[in-house]
S.K.: 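Can you read through this structure? Questions will come right after.
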2 protein chains.
Amino acid sequence: MAATRTRRTERRENPLSRERIVEAAIELLDAAGEGGLTFRALAERLATGPGAIYWHVTGKDELLHAATDAVVAAAVPPAPAGTAPRDAVRAVALGVFDAIDAHPWVGAQLARSAMDAPILRIFERLGRQVQALGVPRAVRFTAASALLNYVVGVAGQNAANARAVEAGTDRTEFLTRMAAAWTELDPEEYPFVREVAGDLPHHDDRVEFLAGIDLILTGIAPRERPADPPSA
Amino acid sequence: MAATRTRRTERRENPLSRERIVEAAIELLDAAGEGGLTFRALAERLATGPGAIYWHVTGKDELLHAATDAVVAAAVPPAPAGTAPRDAVRAVALGVFDAIDAHPWVGAQLARSAMDAPILRIFERLGRQVQALGVPRAVRFTAASALLNYVVGVAGQNAANARAVEAGTDRTEFLTRMAAAWTELDPEEYPFVREVAGDLPHHDDRVEFLAGIDLILTGIAPRERPADPPSA
DNA sequence: TCACCGTCTGGAATACCGTTCCATTACACG
DNA sequence: CGTGTAATGGAACGGTATTCCAGACGGTGA
């Protein structure tokens, strides 16, 4: 395979390519939700048949994987040098959070994917900052995993919530109705849920998410601590 | 076809019921994994047709929901009185963890479900112990949510791992291969992942999970007060 | 005792999905 | 200029959830 020769002659005006397919898949997912990605719909949008897509992509799994990776890669840019580790962790987490907010299907995908490319990306960013926090080598994996698991947990929850709200129109109305349902639970069995039901309608998912991150950060390194261990 | 008279007098002996259907669904899911639950397979196992099942259950969603709820309810029993809050939180979390270990599909389901019955069950148990820890009313929701999100995050990860290992036979062999793949990543882009790759093969998911719980617990209510406590 | 009717059954039919197959194109190269 | 091949796209194939409907069972009133 000699390189650089293949000058894309316009066989079609818009030649099919993996990149273009992934792009169309993302648009489809954004527009119609998780169930909106269909090889037939994708073929129609690309003005082709389903068979042609399979020449560029092995199947739906890879396509979803690639779409998720594209969004995550754009959402988690390299941390700017000179940022405090805590702030850098918050920045990474918020990047993922906002990406999921914009593309709920990414949340569902992250929550159900193993340690593959998109998740590894997040894990790496979080882990670097854990290291910068001065966490000893032996527990870095644990600390970074805790952060990662929390983030993907929220990812799944947000995706599920987005799916649930899709039916109801308004978000606060949805939360109010859910709070009402919570207060109607059995007081014997669900005292706590009933107690916090009132917090539901007016709580901000984003700050709640950040508060959870800070909780874990506090557990990892109780207070601001120099990056260098004092044993030098 | 067969003797028309003694056709299906079993109607009384083995009457179809929601309970029996859910039970069969759980067996099917345990045996054949997440994709093993099929209305056809279910009908065959129950010696009936797909149509009959729909008389007792509205659809697959409700069936999966009911199956998950049954497993979670059995896995998270009421905490025995007199347990220290921290230990009670660990017990709840471990209950969920072990249930997912035994039924990986539950993990996938929890990770993608919103605040419905199964999740609420876990949230309630965690929240009660958060309250018992002496966490102020205003931040109880946040603390309990952090624990919950972490737990469901791990749930999703474990389900994904179980799915991935299904192909390869051995678990440690799988982890070793993954660690090898990690060390072959670009050193510029993945320094942290490469660094911790060695921890992968011999790490215990269960203790790692508990360590994460303890991290969050420390963030929620530090056990020993640090030397400088300028908390307002 | 018998006709009846609501509960419950199960097999066939529908609509849609991912995927595969394959005849056909249109260009790059000999 | 002919031809091999990368690329295409439409038509199947086998699977899925779900719906439909023709019945069978079993209690009930006459």
Side-chain angles (χ1 to χ4, degrees), chain A residues 1-25 28-29 31-68 105 108-109 112 163, chain B residues 1-25 28-29 31-68 105 108-109 112 163:
Chain A
M1 301 289 181
T4 72
R5 181 84 65 79
T6 60
R7 183 171 63 92
R8 280 238 166 270
T9 48
E10 325 300 297
R11 164 195 199 117
R12 288 170 40 138
E13 307 252 341
N14 270 344
L16 230 46
S17 71
R18 193 188 143 93
E19 200 180 57
R20 243 171 63 78
I21 292 174
V22 170
E23 186 187 346
L28 222 47
L29 286 162
E34 305 177 39
L37 178 57
T38 288
F39 270 81
R40 288 178 163 82
L42 197 57
E44 189 183 9
R45 173 174 276 256
L46 292 168
T48 180
I53 299 173
Y54 278 84
W55 205 95
H56 300 272
V57 161
T58 64
K60 196 178 188 181
D61 284 346
E62 185 193 325
L63 188 51
L64 231 63
H65 189 93
T68 305
W105 53 274
Q109 202 56 24
R112 69 177 284 105
R163 212 180 311 138
Chain B
M1 249 338 175
T4 40
R5 243 253 171 250
T6 54
R7 222 177 111 86
R8 259 207 195 283
T9 358
E10 323 297 315
R11 162 124 95 162
R12 241 179 128 43
E13 307 220 356
N14 258 349
L16 228 45
S17 72
R18 194 187 141 94
E19 199 179 56
R20 241 170 65 78
I21 292 174
V22 170
E23 185 187 347
L28 222 46
L29 286 162
E34 304 178 40
L37 179 57
T38 288
F39 269 81
R40 292 219 232 275
L42 197 57
E44 189 184 11
R45 174 175 275 256
L46 293 168
T48 179
I53 299 173
Y54 276 85
W55 204 92
H56 300 271
V57 162
T58 65
K60 196 178 187 181
D61 283 348
E62 185 193 324
L63 188 51
L64 231 61
H65 188 95
T68 304
W105 53 273
Q109 202 55 25
R112 67 177 285 106
R163 213 180 311 138

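Convention: sequence-line order gives letters A, B, ...; per-chain numbering from 1.
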S.K.: Could you give all pairs that pass the salt bridge (Lys or Arg N to Asp or Glu O under 4.0 Å) test and reach residues 50-66 of chain A, with sequence neighbours left out?
M.R.: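 Sorted result for residues 50-66 of chain A: A/Arg18-A/Glu62.
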S.K.: Taking all heavy atoms of A/Leu16 and all of A/His56, pick out the closest pair and write down the distance.
M.R.: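 It is O-CE1, 3.3 Å.
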S.K.: Where do B/Gly49 and B/Ala43 come nearest, in terms of heavy atoms and distance?
M.R.: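 Shortest heavy-atom contact: C-CB, 3.6 Å.
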S.K.: In whole Å, I'd like the distance from the CD1 atom of A/Ile21 to the C1' atom of C/dG18.
M.R.: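 From A/Ile21 CD1 to C/dG18 C1': 15 Å.
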S.K.: To the nearest Å, give me how far apart CZ (A/Arg20) and C1' (D/dT8) are.
M.R.: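 Whole-Å distance recorded here is 13 Å.
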S.K.: Tell me: CD of A/Glu34 to P of C/dC17, nearest whole Å?
M.R.: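 One finds 15 Å between P of C/dC17 and CD of A/Glu34, rounded.
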S.K.: Report the distance from atom CG of A/Leu16 to atom P of D/dA6, rounded to the nearest whole Å.
M.R.: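 Between P of D/dA6 and CG of A/Leu16: 17 Å.
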S.K.: How many Å lie between CH2 on B/Trp55 and P on D/dC20, as a whole number?
M.R.: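 It works out to 17 Å between those atoms.
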S.K.: Over all heavy atoms of both residues, which pair between B/Leu29 and B/Ala67 is shortest? Give the atoms and the distance, please.
M.R.: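 Between these two residues, the closest heavy atoms are CD1-CB, 4.4 Å.
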S.K.: With 3.5 Å as the limit, what N/O pairs link the protein to nucleotides 17-19 of chain D?
M.R.:
unit_1	atom_1	unit_2	atom_2	d
D/dA17	OP1	B/Leu37	O	3.4
D/dA17	OP1	B/Lys60	NZ	2.9
D/dA17	OP2	B/Phe39	N	3.1
D/dT18	OP2	B/Tyr54	OH	3.0
D/dT18	OP2	B/Lys60	N	2.8
D/dT18	O5'	B/Tyr54	OH	3.2

S.K.: Round to the nearest Å and state the distance from B/Leu42 atom CG to C/dT9 atom P.
M.R.: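 Going from B/Leu42 (CG) to C/dT9 (P), I get 13 Å.
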S.K.: Between A/Ser17 and A/Arg20, is there a donor-acceptor pair closer than 3.5 Å when you use the side chain of the first and the backbone of the second?
M.R.: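 Looks like yes, one N/O pair under 3.5 Å.
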S.K.: Once you round it to whole Å, what is the distance between P of D/dG10 and CG of A/Leu46?
M.R.: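 So the two atoms are 13 Å apart, to the nearest Å.
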S.K.: What integer distance in Å separates A/Glu44:CD from D/dT8:P?
M.R.: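 One finds 18 Å between P of D/dT8 and CD of A/Glu44, rounded.
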S.K.: Is there side-chain contact between B/Arg163 and A/Arg112, with heavy atoms separated by less than 4.5 Å?
M.R.: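 Side-chain contact under 4.5 Å: yes.
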S.K.: Distance check: side-chain N/O of B/His56 vs OP1/OP2 of C/dT7, anything under 4.0 Å?
M.R.: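 No.
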